[in-house]
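Below: the structure, in structure tokens.
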Amino acid sequence: MQDGFGRTIDYLRVSVTDKCNLRCIYCMPPGGVEWVPHREMLTFEELLRICASAAGLGISKVKVTGGEPLVRRGLTGFIRALKRTEGIGSVTLTTNALVLGDFLEELTGAGIDAVNVSLDTLNEDVFRYITRTDGFGKVMRSVNMVREAGIPLKINCVPMRGVNEDDIVPLAEFARHERTAVRFIELMPLGPGANMEAVSEAEIFELLRRAFGELRPFDGRLGNGPASYYSAAGFAGKIGFISAVSHGFCGACNRLRLTGAGLLRPCLASDAAVDMKAVLRGGGDEGAIAGALRTAAMLKPVRHDFHQTDGYNKRHGKKNMSGIGG
Ligand code: SAM
Ligand code: SF4
């Protein structure tokens with residue numbers, strides 16, 4: 001499927017829940033967000049109908065996200081069904097890893113292709129500050145279990161000024177001995193993150209260069225997304241940067257986002273959405289579902305508007321990443 005600007009759309013991020021077992025300071029307010037009532041959330045059957053239709057239009061990669069996807073009961077059954085859906089080649093999961101260790105065997109059995117773990121620090125106190133939760137030990141246990149199981153792993157860190165800058169180099173060390181990719185995600189001005197300060201890609205690059213020597217651009221393909229990757233001498237894995245604001249990659253955007261409440265979003269920075277729940281619960285057939293997916297693709301803007309400062313916080317500061325799925 002192509003969008004209005006000739007970009008091929010082959011990647012769908014599916015947020016299966018808006019609930020989460022952490023309260024990261026850049027993602028959620030301390031008390032959490034108002035949850036969408038259960039009946040308003042799409043069932044796994046409804047999500048699968050949309051994914052099957054999307055696969056028919058050329059979506060071959062699905063990322064399961066949230067909220068925290070592993071808090072939704074029955075997730076591994078959903079992943080198994082996705083893996084059996086014709087046309088879907090890759091199914092991956094983005095998780096905070098708090099309970100990942102408990103589900104790893106089931107997930108492997110379901111055929112999960114890779115796991116992305118959000119890990120912003122290796123310091124227990126900083127973890128407690130960022131996530132407003134205890135649980136660092138459980139997260140690290142899960143990360144080690146994924147490594148031991150040999151499941152392809154990416155670690156995602158959002159560097160924040162004055163919060164976890166000291167973790168950048170130690171986190172990058174994960175890529176030294178194993179093929180793990182460690183990616184630094186630029187803080188986006190969404191939700192509480194709109195009022196926090198990002199650490200720039202240039203600054204992170206310089207910190208890493210001082211610690212590990214020259215970083216050479218890696219041209220090979222790694223994953224489905226917009227990260228730019230680098231190799232350091234003696235590193236088995238790669239270091240990546242995902243800098244949506246400062247290094248826009250909209251020209252290569254390949255994705256749609258489906259929220260758990262059934263809104264199909266063409267762009268993280270846009271309020272446009274197609275209400276898939278209305279299509280499904282209004283009795284829409286496969287043709288109607290495919291039509292709605294095509295409409296969402298055509299609604300993709302040429303680029304995000306994160307750079308416009310006018311009314312910026314007003315537009316994006318109220319959005320919650322946990323509902324959209326990152
Ligand atoms: N709970 C899961 C997790 O944390 O991996 C999946 C959902 S979470 C919303 C997906 C990703 O969005 C995480 O890697 C998180 O760090 C990132 N994220 C949340 N708010 C962000 C913001 N304002 N800027 C950049 N990334 C953000
Ligand atoms: Fe939860 Fe992920 Fe948001 Fe943290 S980033 S609060 S783990 S949804």
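Order of listing sets the numbers, starting from 1, for every ligand and every atom in it. Everything quoted here is computed from the prediction, not taken from an experiment.
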Do D167 and N123 have side-chain atoms, one donor and one acceptor, less than 3.5 Å apart? no

If you compare G193, C24, A194, S118 by their heavy atoms, the one closest to atom 4 (O) of ligand 1 turns out to be S118

Near N96 (heavy-atom distance under 4.0 Å), the atoms of ligand 1 are 2 (C), 3 (C), 5 (O)

So is there a nitrogen or oxygen of T65 less than 3.5 Å from a nitrogen or oxygen in ligand 1? no

| message | Just to check, does M196 reach to within less than 4.0 Å of ligand 1 when the distance is taken from its heavy atoms? | response | no

In this structure, CZ of F103 is separated from OG1 of T108 (nearest 0.5 Å) by 12.5 Å

Short version for T95: what comes under 4.0 Å of ligand 1, heavy atoms counted, is backbone

So CE of M298 and CD of Q2: to nearest 0.5 Å the spacing works out to 9.5 Å

Honestly, for V158 the part within reach of ligand 1 (heavy atoms, under 4.0 Å) is side chain

- Query: Quick one: does P69 get an N or O within less than 3.5 Å of an N or O on ligand 1?
  - Reply: no

Practice item. Verify the distance criterion only: is there a donor paired with an acceptor across the side chains of K63 and T92 at less than 3.5 Å? Key: yes

Closest to atom 1 (N) of ligand 1 by heavy-atom distance, out of C20, G67, P189, A97, is G67

Taking only non-hydrogen atoms of N96 and a 4.0 Å limit, the atoms of ligand 2 in range are 7 (S)

Per-atom filter on ligand 1: closer than 4.0 angstrom to a heavy atom of E186 are 25 (C)

Interatomic distance, CG@N21 vs CG@L98, rounded to 0.5 Å, equals 4.5 Å

Before signing off on this row, confirm whether D120 and ligand 1 have an N or O atom pair separated by under 3.5 Å. no

One should read off an interatomic distance between F184 CZ and S243 OG, to the nearest 0.5 angstrom, of 11.0 Å

Near atom 1 (Fe) of ligand 2, is there an N/O/S atom from C24 that is less than 2.8 Å away?
-> no

C253 and I9 have their tightest heavy-atom pair at O-CD1, 4.0 Å

Within the structure provided, determine whether L122 and F127 are in side-chain contact (heavy-atom separation under 4.5 Å). no

Numbered in order shown, the ligand 2 atoms found under 4.0 Å of a heavy atom of G67 are 8 (S)

Are G191 and ligand 1 in contact, using a heavy-atom cut-off of under 4.0 Å?
no

Ligand 1 to L190, heavy atom cutoff 4.0 Å, flagged ligand atoms 23 (N)

request  = Please check if any side-chain donor atom of T17 sits under 3.5 Å from a side-chain acceptor atom of E68, or the reverse.
outcome  = no

In this structure, would V143 and V99 fall into the same cluster of hydrophobic residues linked by side-chain contacts under 4.5 Å? yes

### Message
Tell me whether ligand 1 is touched by P192 - counting only heavy atoms on the residue side and a distance under 4.0 Å.
### Response
no

Parallel, tilted or perpendicular for F78 and F44, by the 30°/60° rule? parallel

request  = Could you say whether the N/O atoms of E68 and ligand 1 ever approach to under 3.5 Å?
outcome  = yes

- Query: Is M188 close to ligand 1, meaning an N/O of one under 3.5 Å from an N/O of the other?
  - Reply: yes

